[in-house]
Peer 1: 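The structure under discussion is supplied below as structure tokens; questions concerning it will follow.
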Amino acid sequence: MARGGGRGGSRGGKSRSGGGGGGGKGRKGDSKKAKVSGRGTTTASTDTKEPKKFGQLSRKERDMMEEYGELVPQDFEEDETDRVGSFRKVVKESDLDYQSAMKRDRDLESDGEAEEDEYKLDRPSAFNKLFGLLKKSSKRQDEWKKRKLEEEGLEDMEDEDDAEVEEEVVTLTEAERKELIKKHGKGYLQALDGEDDDDEDEDMENDEEEAAGDDEPESSADEEDVKEMAEDEFSDEDSDEEEIFKKSKDAFDRHFSDMVTPLLAPKVAVVELAGAKWKSVSYEDPVLKRVEKFDTDNVEGKRKDGKSKNNKHDLESLMIKQRIQSHWEGVNESVQEESSKKLFTPLQDALVEPINEYRDILFTNRTMQNAKEIRNLYALHAMNHLYKTRDRILKNTGKLQRHQQNPNSSETPEFRDQGFTRPRVLIILPFKNTVVDVVESLISLSGSTQQDNKKRFFDEFGAEEEEEDPRNADRPADFVETFRGNIDDHFRVGIKFTRKTMKMYSDFYSADLILASPLGLKTVIGAEGDKKRDFDFLASIELVIVDQADDMLMQNWDHLETVFDHMNLIPKNAHGCDFSRVRNWSLDGRSKYLRQTLMFSNFLTPEINALFKKYSRNVAGKMKITQGYEHGSIVDVVPLVQQNFNRIETRTLAQADENRFQYFIEHTLPQLRRSAVTQTHTMIFVPSYFDFVRLRNYFSENKYSFAAICEYTSNANVSRARSSFFHGEVSFLLYTERFHFFRRYNIRGTFHLAFYGLPEHPQFYPEMLNLLALPAGKEKSRSKHAAATGLEDRAMSCTALFTKYDLLKLQRIVGTERASNMCKQEGRDLFVFT
């Protein structure tokens, strides 16, 4: 038999003669018959041949017979035409198209285009076989095992021993459990299960075992840990959440339990409707100084003993988790006095009780000296809150699983102990250098034996060891402390905690705690109209901490307000949420009334006060801790210079900026230009960038001789402006507060100082006035004008403008009592200090 050419030799069962699609060339007079098969067209000769026996057929011919004819030919003596007809198959056009498509697919595969998911193939490829062989022979079996567990969502099982995994788990019914307890005692089941009584919840009717698990609270739980959390000594009826809420002395249970939902309405009404009628109770504390306390149960502000009844606190009475207690003393050792044996410093002891009661707190007495104390305290509170929430979820998950396994169980209990998303704690910081300190405290308090991505974290957030800047020797101590290390202000990192592991750089929706800057969160939240926006991870924040709020004023305060605007909203997507476990007050959109807000700042400003008043709606109440200023920062002024404070009359806050500008160009500026002495070497200090732009435009339009330095000025232009001002080439220098905050340059050549507005930072006032006492340098470096007129020997002057709305700034500079008199005194608008 001679094989012909391609597929197209025959179609629809019809035979052709000649070369139309056949393999060979046809000639006239040739008498050949075209045989059609499923694989092509064959041309058979009419010459008679002896039929082959079945054993003489080739494998290919046998396959053809099996596919198209009888498996065993019964008669090889049939006529050739009949035998060909028995093998004939009708080939349809759809079959040819299918075969062409299959051929194209095989060609693409041969070119190296892989399948979308090669791991789902029934038969593994050569690459998968090689990959599996390498995994079996690899020495890094632990890493392969960990990766496999992460893919299956059971990454927390890596903390379990292999023997425990292979161990057969026997589930006892409630009757069997009671019988064993009656026969062998309560400790018998604990000895069998090997449970670790890590931390017992003393508020329940019968104590539950507090063994920690290594699973994600919002995701599928690790079976071993859930079983440990579920092995308690009482029935499901005794574990009713209402009983826990009634009997618990822990502020965590009383504040975040789902049972508070029906009790929220009257307290929310107080927060929302009371407004200015919500009066506070004020008292003086020897440590905290001036305390203003707001309670939803005391709207009228009736005088009560605001001080804590228990002045000495211990970790047990504060319901701190046992696993944290063992590490606290070592973490807090650096801020304790050498001879002190107390657990807390006096400041921590005064703050720990209201913080543990989940009150909102605005603390404006932060300093360089107590910054570490405050940082350790809120790190302790954050870790305690996370562990309590996590253990409660794990125990309830174990109870549900045990209830489902019990065939005699009645109605399935309902546990509402979660929010919409996993992140519960948000810590907002201005710079990366502070993040390093906070993370170090969290690592020590958590007691984790493994920190994932630790090296990556310290590489990104830590600072390379560099030689100290010699200019820091002349700079204030607060500047050196604030700008040490890495001062990047764009960052965000999620941290996930398990029993033995602390995983940094976790995805926000699988993280327990988020550390971020206002700018880092703003870039994720985005703005209205952006295609890519995400803020659902803020939906279930229960504790937000803002540290160094005064430094954020020098960044972009609007970013911080944007973060609070998008907190505790109903999420747009489910993100794998189990809505049967979500608390009712979260479903009702009332999460913001139970969120605790802690803010720490060096001083109080209208912006900080307004943000705290607007977003602090905690039904547990709030506290505002401030301090009075006896003398103010004016006592730090070195040169003997007359300081004139001019009060600007204004009726409303909206008119204050316009009135200030008009007063400056109509009174202050002409007075400076009237004298030949004061019209040169005069610096104008401007706190706001918007006022700076307005003055710069006015000076340019009126062709004044001036130079300008702001936070956006390049280094080259800063050097040029300083040089021109020092040598008297320009008469005025416009200088912003934000530039001084970030640079702290000593501007030499200043003999007259005009404050367009008072600085927010009280230490900036004496720092700027002390520039007047700086020597101008040697004789050869003096300007010609200064050398000719003896400018350095002439009198210096200082003028400051303020309104009654600058009371807080004025208090920090001249003292609380004098500031009040200066703002309220009638018939006088000029106040002189020498």
Side-chain angles (χ1 to χ4, degrees), residues 331 355 361-364 366-368 370-383 385-386 423-446 457-463 478-495 502 504-506 508 511-525 537-538 541-564 566-567 595-603 605 607-608 611-612 615 741-742 761:
V331 172
I355 288 179
I361 294 179
L362 173 60
F363 183 82
T364 61
R366 182 183 179 276
T367 62
M368 279 195 314
N370 62 24
K372 183 66 175 176
E373 302 177 44
I374 295 171
R375 198 171 297 133
N376 289 345
L377 185 60
Y378 68 65
L380 171 71
H381 181 59
M383 289 301 305
H385 179 78
L386 289 176
R424 294 178 182 85
V425 177
L426 174 64
I427 302 179
I428 305 177
L429 301 168
F431 303 113
K432 282 185 175 181
N433 52 16
T434 312
V435 179
V436 175
D437 296 339
V438 173
V439 169
E440 288 176 347
S441 298
L442 294 176
I443 291 175
S444 301
L445 286 171
S446 66
F457 172 80
F458 283 103
D459 287 344
E460 293 185 9
F461 284 77
D478 67 292
F479 175 86
V480 178
E481 175 65 20
T482 302
F483 294 98
R484 59 181 171 82
N486 193 336
I487 57 171
D488 186 9
D489 63 347
H490 186 194
F491 60 88
R492 54 185 178 270
V493 58
I495 302 178
M502 177 178 172
M504 285 168 274
Y505 293 98
S506 294
F508 278 177
D512 297 300
L513 181 146
I514 297 176
L515 281 161
S517 65
L519 178 60
L521 292 173
K522 171 64 177 179
T523 53
V524 178
I525 295 173
F537 59 88
L538 299 173
I541 295 295
E542 298 169 353
L543 171 61
V544 57
I545 301 169
V546 181
D547 198 3
Q548 296 175 251
D550 52 299
D551 291 342
M552 296 177 191
L553 289 169
M554 297 292 103
Q555 296 174 345
N556 194 328
W557 189 255
D558 290 340
H559 293 343
L560 187 60
E561 292 183 344
T562 300
V563 174
F564 275 90
H566 292 83
M567 205 177 299
R595 181 190 71 225
Q596 184 184 25
T597 303
L598 304 178
M599 294 187 67
F600 303 95
S601 173
N602 287 13
F603 47 81
T605 67
E607 293 84 0
I608 295 176
L611 185 139
F612 185 75
Y615 296 104
F741 173 80
F742 287 105
H761 294 73

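Basis for what follows: all heavy atoms, side chains included, without hydrogens, waters or symmetry-related copies.
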Peer 1: Is a side-chain N or O of D550 found less than 3.5 angstrom from the main chain of S601, in a donor-acceptor match?
Peer 2: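 Absent.
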Peer 1: So, do N556 and L519 sit near enough that their side-chain heavy atoms are less than 4.5 Å apart?
Peer 2: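 Of all side-chain heavy-atom pairs linking L519 with N556, none is under 4.5 Å.
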Peer 1: Run the ring-ring contact (aromatic ring centres under 6.0 Å, His included) test against F483 and tell me which residues pass, sequence neighbours left out.
Peer 2: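 ring-ring contact (aromatic ring centres under 6.0 Å, His included) list for F483, sorted by chain: F431, F479, F741, F742.
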Peer 1: Please tell me if the side chains of N602 and T367 come closer than 4.5 Å, counting only heavy atoms from C-beta onward.
Peer 2: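 Counting from C-beta outward, N602 and T367 never come under 4.5 Å.
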Peer 1: Between D551 and P430 (side chain of the first, backbone of the second, donor and acceptor by atom type, cut-off under 3.5 Å), is there such a pair?
Peer 2: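 Checking the backbone N and O of P430 against the side chain of D551, no donor-acceptor pair under 3.5 Å is found.
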Peer 1: Decide whether H490 and S517 meet the rule of one side-chain donor and one side-chain acceptor closer than 3.5 Å.
Peer 2: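 S517 and H490 do not have a side-chain donor-acceptor pair below 3.5 Å.
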Peer 1: Given the rule in the salt bridge (Lys or Arg N to Asp or Glu O under 4.0 Å) test, do D547 and R366 qualify, once you have shown the distances and angles that lead to the verdict?
Peer 2: CA-CA 9 Å; D547 198 3; R366 182 183 179 276; 3.2 Å; yes
Peer 1: S446 and M502: which non-hydrogen atoms are nearest, and at how many Å?
Peer 2: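 Of all heavy-atom pairs spanning S446 and M502, the closest is OG-SD, 4.2 Å.
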Peer 1: For H385, check ring-ring contact (aromatic ring centres under 6.0 Å, His included) against everything at least two apart and list the hits.
Peer 2: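 ring-ring contact (aromatic ring centres under 6.0 Å, His included) check on H385 returns F252, F256, Y358.
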Peer 1: Taking all atoms of both residues into account, what is the closest heavy-atom pair of E561 and Y615, and its distance?
Peer 2: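 For E561 versus Y615, the nearest heavy atoms are O-OH, 3.7 Å.
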Peer 1: Show the nearest heavy-atom pair for residues T482 and I487, with the distance to one decimal.
Peer 2: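 Heavy-atom minimum between the residues: O-CG2, 4.2 Å.
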Peer 1: Hey, can you tell me if F461 and F491 have their rings parallel, tilted or perpendicular (30° and 60° cut-offs)?
Peer 2: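 Correct class here is perpendicular.
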Peer 1: Do I355 and L377 come close enough that some side-chain heavy atom pair is under 4.5 Å?
Peer 2: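 Touching, per the 4.5 Å side-chain cut-off.
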Peer 1: How far apart are the closest heavy atoms of V563 and P518, and which atoms are they?
Peer 2: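 What the structure gives for the nearest pair is CG2-O, 4.4 Å.
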Peer 1: Is there a donor in the side chain of S441 and an acceptor in the side chain of N376, or the other way round, less than 3.5 Å apart?
Peer 2: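 Per modelled atom types, S441 and N376 side chains form a pair under 3.5 Å.
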Peer 1: Using 30° and 60° as the class boundaries, would you call the ring planes of F603 and H761 parallel, tilted or perpendicular?
Peer 2: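 Answer is perpendicular, since the angle exceeds 60°.
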Peer 1: Which heavy atom of I495 sits nearest to which heavy atom of V439, and what is that distance?
Peer 2: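 Result for this residue pair: CD1-CG2, 4.4 Å.
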Peer 1: Are the side chain of H566 and the backbone N or O of T562 linked by a donor-acceptor pair below 3.5 Å?
Peer 2: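 Present.
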Peer 1: Under 4.5 Å between any side-chain heavy atoms of H559 and M552, yes or no?
Peer 2: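 No, too far: nothing below the 4.5 Å cut-off.
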Peer 1: Going by distance alone, is a donor N or O of one side chain under 3.5 Å from an acceptor N or O of the other, for R484 and N433?
Peer 2: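 Checked: R484/N433 side chains show no N/O donor-acceptor pair below 3.5 Å.
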Peer 1: Could you verify whether a donor N or O on one side chain and an acceptor N or O on the other, from R375 and T434, lie under 3.5 Å apart?
Peer 2: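 Side-chain D/A pair, R375 to T434: absent.
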Peer 1: Considering all heavy atoms of both residues, which atom of L543 and which atom of R595 are nearest to each other, and what is their separation?
Peer 2: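 For L543 versus R595, the nearest heavy atoms are N-CG, 4.4 Å.
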Peer 1: With sequence neighbours excluded, what pairs up with S506 under the side chain to side chain contact (heavy atoms under 4.5 Å, CB included) test?
Peer 2: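 With neighbours one apart ignored, the set is K496, K503, S510, A511.
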